[in-house]
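Notes follow the structure.
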Amino acid sequence: MKFGVIVFPGSNCDHDAFWTVEQVAKQPVCFLWHESHDLENCDVIIVPGGFAYGDYLRTGAIAKFSPVMDSVSSFAAAGGLVLGICNGFQILCEAGLLPGALIRNTGLKYICKPVSVRVENADTPFTSSCEERQVLTIPIGHMEGNYFCDDATLARLQRDKQIVFRYCTADGETTPDANPNGSVDNIAGICNPGGNVLGMMPHPERASEPELGGTDGFQIFQSLAGALAAK
Amino acid sequence: MKAYVYVSPKKSVLDPQGQTIQRALKKLGYQGFDEVRQGKYFELTLNSGVTRTQAEADVERIANNVLSNPVIEEFRFTLEE
(Lines give C-alpha, C1' and ligand atoms only; values in the text may rest on other atoms or scores of the structure.)
Protein backbone atom coordinates (compact mmCIF):
# COMPACT_ATOMS: atom_id res chain seq x y z
CA MET A 1 0.00 0.00 0.00
CA LYS A 2 2.49 2.60 -1.08
CA PHE A 3 2.49 5.65 -3.34
CA GLY A 4 5.50 6.62 -5.43
CA VAL A 5 6.07 10.13 -6.81
CA ILE A 6 8.44 10.29 -9.78
CA VAL A 7 11.01 13.07 -9.80
CA PHE A 8 12.34 14.30 -13.14
CA PRO A 9 14.79 17.17 -13.46
CA GLY A 10 12.32 20.05 -13.66
CA SER A 11 9.44 18.44 -11.74
CA ASN A 12 8.08 21.07 -9.37
CA CYS A 13 4.83 19.66 -8.01
CA ASP A 14 6.48 16.48 -6.73
CA HIS A 15 6.68 17.73 -3.14
CA ASP A 16 3.08 18.96 -3.22
CA ALA A 17 1.87 15.52 -4.35
CA PHE A 18 4.10 13.82 -1.76
CA TRP A 19 2.76 16.11 0.99
CA THR A 20 -0.85 15.45 0.04
CA VAL A 21 -0.38 11.67 0.10
CA GLU A 22 1.62 11.65 3.32
CA GLN A 23 0.02 14.43 5.38
CA VAL A 24 -3.55 14.52 4.12
CA ALA A 25 -4.30 11.03 2.81
CA LYS A 26 -2.01 9.52 5.51
CA GLN A 27 -0.58 6.93 3.14
CA PRO A 28 3.01 5.69 2.83
CA VAL A 29 4.84 7.44 0.01
CA CYS A 30 8.33 7.68 -1.47
CA PHE A 31 10.07 9.62 -4.22
CA LEU A 32 11.24 7.70 -7.31
CA TRP A 33 14.20 9.19 -9.17
CA HIS A 34 13.72 9.13 -12.93
CA GLU A 35 17.04 7.41 -13.62
CA SER A 36 16.10 4.31 -11.67
CA HIS A 37 14.13 1.38 -13.04
CA ASP A 38 13.04 0.43 -9.53
CA LEU A 39 9.45 1.34 -8.62
CA GLU A 40 10.15 0.15 -5.05
CA ASN A 41 7.01 -1.98 -4.87
CA CYS A 42 4.72 1.03 -5.07
CA ASP A 43 1.03 0.43 -5.69
CA VAL A 44 0.29 3.84 -7.20
CA ILE A 45 2.67 5.87 -9.33
CA ILE A 46 2.19 9.64 -9.54
CA VAL A 47 3.80 11.46 -12.47
CA PRO A 48 3.75 15.00 -11.06
CA GLY A 49 3.45 18.44 -12.61
CA GLY A 50 6.29 20.73 -13.53
CA PHE A 51 8.57 21.17 -16.49
CA ALA A 52 10.42 17.87 -16.90
CA TYR A 53 13.61 18.57 -18.86
CA GLY A 54 12.53 22.18 -19.15
CA ASP A 55 9.78 21.16 -21.59
CA TYR A 56 12.55 21.25 -24.22
CA LEU A 57 11.57 19.98 -27.68
CA ARG A 58 7.96 19.33 -26.60
CA THR A 59 6.36 18.88 -23.18
CA GLY A 60 7.21 15.37 -22.01
CA ALA A 61 9.25 14.58 -25.14
CA ILE A 62 12.53 13.91 -23.32
CA ALA A 63 11.01 12.62 -20.09
CA LYS A 64 9.39 9.71 -21.91
CA PHE A 65 12.88 8.26 -22.52
CA SER A 66 13.83 8.28 -18.83
CA PRO A 67 14.60 4.78 -17.48
CA VAL A 68 11.78 4.99 -14.94
CA MET A 69 9.23 5.29 -17.75
CA ASP A 70 10.05 1.79 -19.02
CA SER A 71 9.09 0.49 -15.60
CA VAL A 72 5.99 2.67 -15.48
CA SER A 73 4.88 1.27 -18.86
CA SER A 74 5.28 -2.33 -17.69
CA PHE A 75 3.59 -1.46 -14.39
CA ALA A 76 0.64 0.10 -16.23
CA ALA A 77 0.40 -2.82 -18.65
CA ALA A 78 0.06 -5.13 -15.66
CA GLY A 79 -2.84 -3.05 -14.34
CA GLY A 80 -0.88 -0.81 -11.94
CA LEU A 81 -2.41 2.55 -11.03
CA VAL A 82 -0.74 5.56 -12.64
CA LEU A 83 -1.83 9.19 -12.12
CA GLY A 84 -0.37 11.88 -14.36
CA ILE A 85 -1.00 15.46 -13.28
CA CYS A 86 -0.47 18.34 -15.71
CA ASN A 87 3.09 17.80 -17.01
CA GLY A 88 2.59 14.20 -15.89
CA PHE A 89 -0.43 13.95 -18.23
CA GLN A 90 1.70 15.37 -21.06
CA ILE A 91 4.42 12.80 -20.33
CA LEU A 92 1.93 9.89 -20.28
CA CYS A 93 0.61 10.99 -23.70
CA GLU A 94 4.12 11.28 -25.14
CA ALA A 95 4.96 7.86 -23.73
CA GLY A 96 1.91 6.37 -25.44
CA LEU A 97 0.24 5.33 -22.17
CA LEU A 98 -2.65 7.64 -23.02
CA PRO A 99 -3.91 8.60 -26.49
CA GLY A 100 -3.67 12.11 -27.97
CA ALA A 101 -1.41 15.02 -27.14
CA LEU A 102 -1.47 18.34 -25.28
CA ILE A 103 -0.69 21.35 -27.41
CA ARG A 104 -0.38 25.11 -26.82
CA ASN A 105 -3.47 26.77 -25.29
CA THR A 106 -5.53 28.45 -28.02
CA GLY A 107 -5.11 31.80 -26.23
CA LEU A 108 -1.31 31.30 -26.26
CA LYS A 109 -1.14 32.33 -22.59
CA TYR A 110 -0.12 30.42 -19.50
CA ILE A 111 -3.33 30.00 -17.51
CA CYS A 112 -3.27 29.66 -13.73
CA LYS A 113 -6.68 29.72 -12.06
CA PRO A 114 -9.27 27.50 -10.40
CA VAL A 115 -11.61 25.87 -12.92
CA SER A 116 -14.75 23.77 -12.68
CA VAL A 117 -14.56 20.24 -14.00
CA ARG A 118 -17.37 17.71 -14.21
CA VAL A 119 -16.78 14.11 -13.26
CA GLU A 120 -17.83 12.16 -16.37
CA ASN A 121 -16.89 8.75 -15.06
CA ALA A 122 -17.03 8.00 -11.32
CA ASP A 123 -16.36 4.33 -11.94
CA THR A 124 -12.56 4.53 -11.91
CA PRO A 125 -10.08 3.97 -9.05
CA PHE A 126 -9.32 7.71 -9.28
CA THR A 127 -12.89 8.98 -8.98
CA SER A 128 -14.77 6.37 -6.96
CA SER A 129 -15.24 8.89 -4.09
CA CYS A 130 -16.99 11.26 -6.49
CA GLU A 131 -20.51 11.27 -7.85
CA GLU A 132 -21.13 11.06 -11.58
CA ARG A 133 -21.61 14.62 -12.95
CA GLN A 134 -20.30 16.13 -9.71
CA VAL A 135 -18.60 19.48 -10.29
CA LEU A 136 -15.14 19.85 -8.73
CA THR A 137 -13.21 23.10 -8.41
CA ILE A 138 -9.51 22.43 -8.99
CA PRO A 139 -6.77 24.81 -10.16
CA ILE A 140 -5.04 24.53 -13.52
CA GLY A 141 -1.61 25.99 -14.30
CA HIS A 142 -0.41 25.33 -17.82
CA MET A 143 0.66 26.64 -21.20
CA GLU A 144 0.12 23.36 -23.08
CA GLY A 145 -3.19 22.02 -21.80
CA ASN A 146 -5.10 21.98 -25.06
CA TYR A 147 -5.99 18.31 -25.46
CA PHE A 148 -5.96 17.13 -29.06
CA CYS A 149 -6.76 13.79 -30.66
CA ASP A 150 -8.16 12.75 -34.03
CA ASP A 151 -11.88 12.16 -34.54
CA ALA A 152 -11.61 8.36 -34.40
CA THR A 153 -9.77 8.52 -31.07
CA LEU A 154 -12.29 11.00 -29.66
CA ALA A 155 -15.17 8.74 -30.67
CA ARG A 156 -13.45 5.84 -28.89
CA LEU A 157 -12.84 7.92 -25.75
CA GLN A 158 -16.50 8.92 -25.68
CA ARG A 159 -17.81 5.42 -26.37
CA ASP A 160 -15.64 3.71 -23.75
CA LYS A 161 -16.15 6.34 -21.05
CA GLN A 162 -12.45 7.19 -21.06
CA ILE A 163 -13.22 10.87 -20.64
CA VAL A 164 -13.07 11.27 -16.87
CA PHE A 165 -13.17 15.08 -16.45
CA ARG A 166 -14.55 17.84 -18.66
CA TYR A 167 -14.26 21.60 -18.17
CA CYS A 168 -17.65 23.06 -17.26
CA THR A 169 -19.41 26.08 -15.79
CA ALA A 170 -19.94 26.31 -12.02
CA ASP A 171 -23.31 24.63 -12.48
CA GLY A 172 -21.93 21.80 -14.59
CA GLU A 173 -22.59 22.85 -18.20
CA THR A 174 -19.78 21.92 -20.58
CA THR A 175 -20.05 25.08 -22.71
CA PRO A 176 -17.35 26.41 -25.06
CA ASP A 177 -16.89 29.39 -22.71
CA ALA A 178 -16.05 27.03 -19.85
CA ASN A 179 -13.20 25.55 -21.89
CA PRO A 180 -10.07 27.45 -20.81
CA ASN A 181 -7.57 26.15 -23.37
CA GLY A 182 -9.30 24.86 -26.52
CA SER A 183 -9.30 21.16 -25.61
CA VAL A 184 -11.43 18.98 -27.88
CA ASP A 185 -14.78 18.17 -26.28
CA ASN A 186 -13.78 20.22 -23.15
CA ILE A 187 -11.52 17.34 -22.09
CA ALA A 188 -9.66 17.95 -18.81
CA GLY A 189 -8.74 14.34 -18.02
CA ILE A 190 -8.84 10.90 -19.64
CA CYS A 191 -8.03 7.34 -18.69
CA ASN A 192 -6.71 4.38 -20.69
CA PRO A 193 -9.07 1.57 -21.79
CA GLY A 194 -8.21 -0.41 -18.64
CA GLY A 195 -9.10 2.53 -16.41
CA ASN A 196 -5.86 2.19 -14.44
CA VAL A 197 -3.98 5.13 -16.01
CA LEU A 198 -5.40 8.64 -15.59
CA GLY A 199 -4.06 11.90 -16.96
CA MET A 200 -5.55 15.23 -15.89
CA MET A 201 -4.52 18.86 -16.41
CA PRO A 202 -6.04 20.24 -13.16
CA HIS A 203 -3.88 19.90 -10.04
CA PRO A 204 -5.78 17.94 -7.36
CA GLU A 205 -2.84 18.31 -4.95
CA ARG A 206 -3.38 22.07 -5.02
CA ALA A 207 -6.95 21.67 -3.77
CA SER A 208 -6.61 19.07 -1.04
CA GLU A 209 -6.64 21.14 2.15
CA PRO A 210 -8.90 23.96 3.37
CA GLU A 211 -5.79 26.16 3.80
CA LEU A 212 -5.31 25.98 0.03
CA GLY A 213 -8.78 27.31 -0.64
CA GLY A 214 -10.52 24.06 -1.43
CA THR A 215 -10.56 20.32 -0.90
CA ASP A 216 -12.26 19.04 -4.05
CA GLY A 217 -8.98 17.67 -5.41
CA PHE A 218 -8.54 15.48 -2.36
CA GLN A 219 -11.28 13.19 -3.65
CA ILE A 220 -8.80 11.86 -6.21
CA PHE A 221 -6.34 10.85 -3.48
CA GLN A 222 -9.15 9.56 -1.30
CA SER A 223 -10.43 7.41 -4.16
CA LEU A 224 -6.94 5.97 -4.70
CA ALA A 225 -6.47 5.24 -1.00
CA GLY A 226 -9.84 3.50 -1.03
CA ALA A 227 -8.92 1.48 -4.11
CA LEU A 228 -5.73 0.31 -2.42
CA ALA A 229 -7.46 -0.55 0.85
CA ALA A 230 -9.98 -2.66 -1.07
CA LYS A 231 -7.18 -4.63 -2.77
CA MET B 1 27.09 15.00 -43.86
CA LYS B 2 24.25 17.07 -42.47
CA ALA B 3 20.62 16.24 -41.94
CA TYR B 4 18.04 19.03 -42.02
CA VAL B 5 14.75 18.06 -40.37
CA TYR B 6 11.57 20.13 -40.66
CA VAL B 7 8.72 19.43 -38.24
CA SER B 8 5.34 21.09 -38.69
CA PRO B 9 1.88 20.76 -37.15
CA LYS B 10 -0.43 18.46 -39.11
CA LYS B 11 -3.04 20.18 -41.23
CA SER B 12 -5.78 18.83 -38.95
CA VAL B 13 -4.18 20.41 -35.86
CA LEU B 14 -5.00 23.97 -34.93
CA ASP B 15 -1.89 26.16 -34.88
CA PRO B 16 -2.72 29.18 -32.71
CA GLN B 17 0.83 30.53 -32.97
CA GLY B 18 0.72 30.45 -36.77
CA GLN B 19 -2.68 32.18 -36.71
CA THR B 20 -1.33 34.94 -34.48
CA ILE B 21 1.62 35.49 -36.81
CA GLN B 22 -0.72 35.59 -39.81
CA ARG B 23 -2.88 38.24 -38.14
CA ALA B 24 0.22 40.27 -37.28
CA LEU B 25 1.35 40.13 -40.91
CA LYS B 26 -2.04 41.41 -41.99
CA LYS B 27 -1.76 44.31 -39.54
CA LEU B 28 1.64 45.13 -40.99
CA GLY B 29 0.01 45.51 -44.37
CA TYR B 30 0.94 42.16 -45.93
CA GLN B 31 -2.44 41.17 -47.33
CA GLY B 32 -1.18 38.33 -49.52
CA PHE B 33 -0.67 35.67 -46.85
CA ASP B 34 -3.70 33.51 -46.11
CA GLU B 35 -2.12 31.13 -43.65
CA VAL B 36 1.01 30.73 -41.52
CA ARG B 37 1.99 27.43 -39.92
CA GLN B 38 4.77 27.46 -37.34
CA GLY B 39 7.07 24.47 -37.07
CA LYS B 40 10.55 23.50 -35.93
CA TYR B 41 13.83 23.06 -37.74
CA PHE B 42 16.73 20.81 -36.70
CA GLU B 43 20.26 20.60 -38.07
CA LEU B 44 22.06 17.34 -37.31
CA THR B 45 25.74 16.89 -38.11
CA LEU B 46 26.76 13.29 -38.73
CA ASN B 47 30.27 11.98 -38.39
CA SER B 48 32.15 10.58 -41.36
CA GLY B 49 31.67 6.97 -40.28
CA VAL B 50 27.97 7.01 -41.17
CA THR B 51 26.90 5.89 -44.65
CA ARG B 52 24.11 7.68 -46.50
CA THR B 53 21.83 4.64 -46.27
CA GLN B 54 22.41 4.35 -42.53
CA ALA B 55 21.93 8.09 -42.07
CA GLU B 56 18.62 7.99 -43.93
CA ALA B 57 17.34 5.16 -41.76
CA ASP B 58 18.55 6.77 -38.52
CA VAL B 59 17.25 10.25 -39.28
CA GLU B 60 13.86 8.84 -40.31
CA ARG B 61 13.63 6.99 -37.00
CA ILE B 62 14.87 9.95 -34.93
CA ALA B 63 12.48 12.37 -36.65
CA ASN B 64 9.58 10.01 -36.07
CA ASN B 65 10.33 8.93 -32.50
CA VAL B 66 12.05 11.93 -30.97
CA LEU B 67 11.90 15.18 -32.96
CA SER B 68 8.21 14.96 -33.81
CA ASN B 69 5.08 13.64 -32.17
CA PRO B 70 3.17 11.76 -34.91
CA VAL B 71 -0.13 12.49 -33.13
CA ILE B 72 0.13 16.20 -33.90
CA GLU B 73 3.09 16.71 -36.22
CA GLU B 74 4.55 15.64 -39.55
CA PHE B 75 8.16 15.91 -40.73
CA ARG B 76 10.39 15.85 -43.77
CA PHE B 77 14.16 15.87 -44.03
CA THR B 78 17.02 16.24 -46.44
CA LEU B 79 20.60 14.96 -46.30
CA GLU B 80 23.48 16.96 -47.70
CA GLU B 81 27.12 15.89 -48.09
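Chain letters run A, B, ... following the sequence lines, proteins first and then strands; every chain starts at 1. Computed from heavy atoms alone, side chains included, the values below leave out hydrogens, waters and symmetry copies.
In plain terms, the two heavy atoms of A:Phe65 and B:Asn65 that are nearest each other are CZ-O, 3.6 Å. Of all the heavy atoms in A:Asn105 and B:Pro16, the pair that sits closest is O-CG, 4.0 Å.
Atom CG of B:Asn69 sits about 10.0 Å away from atom CZ of A:Phe148, to the nearest 0.5 Å. Taking CG of B:Leu14 as the reference point, atom CZ of A:Arg104 lies at 12.5 Å (rounded to 0.5 Å). Taking CD1 of B:Ile72 as the reference point, atom CZ of A:Arg58 lies at 6.5 Å (rounded to 0.5 Å).
Listed options A:Cys149, A:Gly107, A:Gly182, A:Gly100 were ranked by heavy-atom pairs under 4.5 angstrom with chain B; first place goes to A:Gly100. Counting heavy-atom pairs closer than 4.5 Å to chain A, the top residue among B:Thr20, B:Leu67, B:Asp15 is B:Leu67.
Heavy-atom contacts from other residues, nucleotides or ligands closer than 6.0 Å to CZ of B:Arg52 number more than 12. More than 12 heavy atoms of other residues, nucleotides or ligands lie within 6.0 Å of CG in A:Asp171, so this atom counts as buried by the packing criterion. Within 6.0 Å of the CG atom in A:Asp70, the count of heavy atoms belonging to other residues, nucleotides or ligands exceeds 12. Around OH of B:Tyr41, the count of heavy atoms belonging to other residues, nucleotides or ligands within 6.0 Å exceeds 12.
Only the side chain of B:Lys40 comes within less than 4.5 Å of a heavy atom in chain A; its backbone stays farther off. Within the 4.5 angstrom heavy-atom criterion, atoms from both the backbone and the side chain of B:Val66 approach chain A. Using a 4.5 Å cut-off between heavy atoms, A:Ile103 contacts chain B through its side chain alone, with no backbone atom that close. Contacts of B:Gln19 with chain A are absent, with no heavy-atom separation under 4.5 Å from either backbone or side chain.
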